[in-house]
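One structure is given here, and the rest of the page talks about it.
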Amino acid sequence: MLIGNGSFSKMKPALQKAVLAFIRKTDGASSWPLNKILFVLNRKGTAEEFDAWQGFRHWGVLVPFRWFKKYGPDKDLLNHYEDYIRMARHVGHNVDDDYWKYPADIMKAHNKVMKEFNRVRRAERQAAKERAEAERIELEKRRKKANKEFVKIASKFASALISKNGLKVFVPKNISSVIEQAKKLHQCLITADYTGKMARKKCLLVFITTKNGKPVATAEIRKDGQIVQFYGDESRPRDKMKPSENAVSIMDVWLSKYSGKVKKILKEAA
């Protein structure tokens, strides 16, 4: 059966001779696959162990023979072993080292490492909680500072410009109004930190709403007084995000009135 076997043909002549000699002196070996012959020939184990090992697969994958030899065909044990290795690796043990890779008693090792894993996870959760609180405090500081800047910037413009059809154009006075605008229009004004960008005078946000305060569109204006972005509801398809003609019209009126002032304000940050 070795005729035409690619693996056999690539072997060194000495090994080929050893395989053929093994087949001649071993009953039934002529019908064995080459990997079984080599397994027994190299003294890894017996033919019976090879057959038992080949039949023990986990999720269709053959487990390492060393594992099988040490622990036997116990799938429940293998499941606990996989959990043990995952937890041991997480807490920093070298699972490539034999001491950790092949414990004397898997269940004892599993339970011991699980206690260590739980301690580490509790510490990680506490650290994450503390980081989140520190970030919240820092964010609140930045928002308070940004709010002060918003008030200063908005105060340099007159009250909202109102069109004949009732649309209002204005510069937001605080972060809360930006949050509301972003939420209603599904825009990334907060997540992309446009509030911080405006507070640092890197751009100017201008809102358009109905006379009742319902968000309609948001414009980002750059330092040269020109519009960079101007969108309505961004949850719509891209070709439907653009503001209405009425919104564009009133925005043009606002910009023609305040373009110079916008450039002056944003120039302060240069």
Side-chain angles (χ1 to χ4, degrees), residues 1-132 134-135 188 191-192 235 237-238:
M1 70 176 295
L2 296 178
I3 298 175
N5 187 303
S7 297
F8 180 78
S9 65
K10 293 177 182 178
M11 289 178 180
K12 294 181 178 180
L15 184 55
Q16 289 179 336
K17 289 181 181 180
V19 168
L20 293 173
F22 177 85
I23 292 173
R24 284 194 295 270
K25 70 177 184 180
T26 306
D27 291 339
S30 60
S31 63
W32 292 3
L34 180 59
N35 60 339
K36 182 175 179 178
I37 294 171
L38 293 173
F39 179 86
V40 178
L41 181 63
N42 293 329
R43 301 179 185 277
K44 289 184 177 180
T46 66
E48 292 74 21
E49 286 176 324
F50 178 86
D51 292 338
W53 173 45
Q54 291 294 304
F56 185 66
R57 294 173 183 265
H58 186 62
W59 300 109
V61 179
L62 189 66
V63 301
F65 178 70
R66 184 175 175 182
W67 193 97
F68 177 80
K69 179 76 173 177
K70 185 173 178 65
Y71 304 114
D74 188 329
K75 290 196 173 183
D76 286 337
L77 203 62
L78 181 55
N79 287 330
H80 278 88
Y81 176 80
E82 289 185 333
D83 286 341
Y84 155 77
I85 288 292
R86 176 181 60 82
M87 292 186 294
R89 181 183 289 112
H90 184 89
V91 299
H93 296 309
N94 181 9
V95 294
D96 292 324
D97 183 271
D98 280 1
Y99 177 82
W100 295 103
K101 193 170 188 178
Y102 299 107
D105 186 313
I106 287 178
M107 293 307 299
K108 285 184 179 179
H110 174 279
N111 294 338
K112 182 178 179 180
V113 169
M114 183 171 64
K115 291 178 182 178
E116 188 177 358
F117 176 81
N118 287 336
R119 287 197 300 271
V120 169
R121 290 295 293 130
R122 283 195 295 271
E124 289 174 342
R125 286 193 292 270
Q126 180 61 31
K129 184 178 179 180
E130 291 172 359
R131 285 196 302 272
E135 289 172 1
C188 60
T191 53
S235 66
R238 189 169 181 79

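- Judged by distance alone, the side chain of Arg57 and the main-chain N or O of Gln54 form a donor-acceptor pair under 3.5 Å.
- From Thr26, atom OG1 reaches atom CD1 of Ile37 across 8.5 Å, with rounding to the nearest 0.5 Å.
- The closest donor-acceptor contact from the side chain of Tyr99 to the backbone of Asn94 lies at 3.5 Å or more, if one exists at all.
- Applying the salt bridge (Lys or Arg N to Asp or Glu O under 4.0 Å) definition to pairs two or more places apart or across chains, those involving residues 18-41 are Lys36-Asp51.
- The salt bridge (Lys or Arg N to Asp or Glu O under 4.0 Å) analysis of residues 62-72, with sequence neighbours excluded, yields the pairs Glu49-Lys69, Arg66-Asp98.
- Between Trp53 and Phe50, the ring planes are perpendicular. Angles over 60° get that label, and only those under 30° would be called parallel.
- Residues meeting the side chain to side chain contact (heavy atoms under 4.5 Å, CB included) test with Pro13, sequence neighbours left out: none.
- Legend: residues meeting ring-ring contact (aromatic ring centres under 6.0 Å, His included) with Tyr81, ordered by chain and number and at least two apart, are Trp67.
- Taking the side chain as every heavy atom from C-beta outward, Pro33 and Phe39 never approach each other to under 4.5 Å.
- With sequence neighbours excluded, no residue forms a ring-ring contact (aromatic ring centres under 6.0 Å, His included) with Tyr102.
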Distance-only donor-acceptor pairs under 3.5 Å for side chains of residues 107-115, two or more places apart:
unit_1: Asn111; atom_1: ND2; unit_2: Met107; atom_2: O; d: 3.3

side-chain contact (heavy atoms from CB on, under 4.5 Å), that's the test. Do Phe22 and Trp32 meet it? Break it down for me.
CA-CA 11 Å; Phe22 177 85; Trp32 292 3; 3.7 Å; yes
I would like to know whether Arg86 and Asp83 meet side-chain contact (heavy atoms from CB on, under 4.5 Å); could you show each step before the answer?
CA-CA 5 Å; Arg86 176 181 60 82; Asp83 286 341; 4.0 Å; yes
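- Asn42 contributes no side-chain N or O that, together with a main-chain N or O of Lys44, makes up a donor-acceptor pair within less than 3.5 Å.
- Among Asp97, Asp96, Val91, the single residue meeting the side-chain contact (heavy atoms from CB on, under 4.5 Å) criterion with His93 is Val91.
- Annotation for Ile23 and Ala29: closest pair CA-CB, 4.0 Å, computed over non-hydrogen atoms.
- Nearest approach of Val95 to Ala88, heavy atoms of both residues: CG1-CB, 3.8 Å.
- Under the side chain to side chain contact (heavy atoms under 4.5 Å, CB included) criterion, Glu48 pairs with Thr46, sequence neighbours left out.
- Under the rule for a side chain to side chain donor-acceptor pair (under 3.5 Å), the partners of Ser235 that lie at least two apart in sequence or sit in another chain are His186, Asp233.
- The side chain to side chain donor-acceptor pair (under 3.5 Å) check on Arg89 picks up nothing, with sequence neighbours excluded.
- A search for side chain to side chain contact (heavy atoms under 4.5 Å, CB included) contacts involving Asp76 returns Asp74, Asn79, not counting sequence neighbours.
- By the side chain to side chain contact (heavy atoms under 4.5 Å, CB included) test, Arg121 is found to be paired with His90, Phe117, Glu124, Arg125, residues two or more places apart in sequence or in another chain being considered.
- Applying the ring-ring contact (aromatic ring centres under 6.0 Å, His included) rule to His58 yields no partners; only residues at least two apart in sequence or on another chain are considered.
- Closest of all the heavy-atom pairs between Phe8 and Leu34 is N-CD2, 3.8 Å.
- Distance NE2/His80 to CE/Met87: 8.5 Å, rounded to 0.5 Å.
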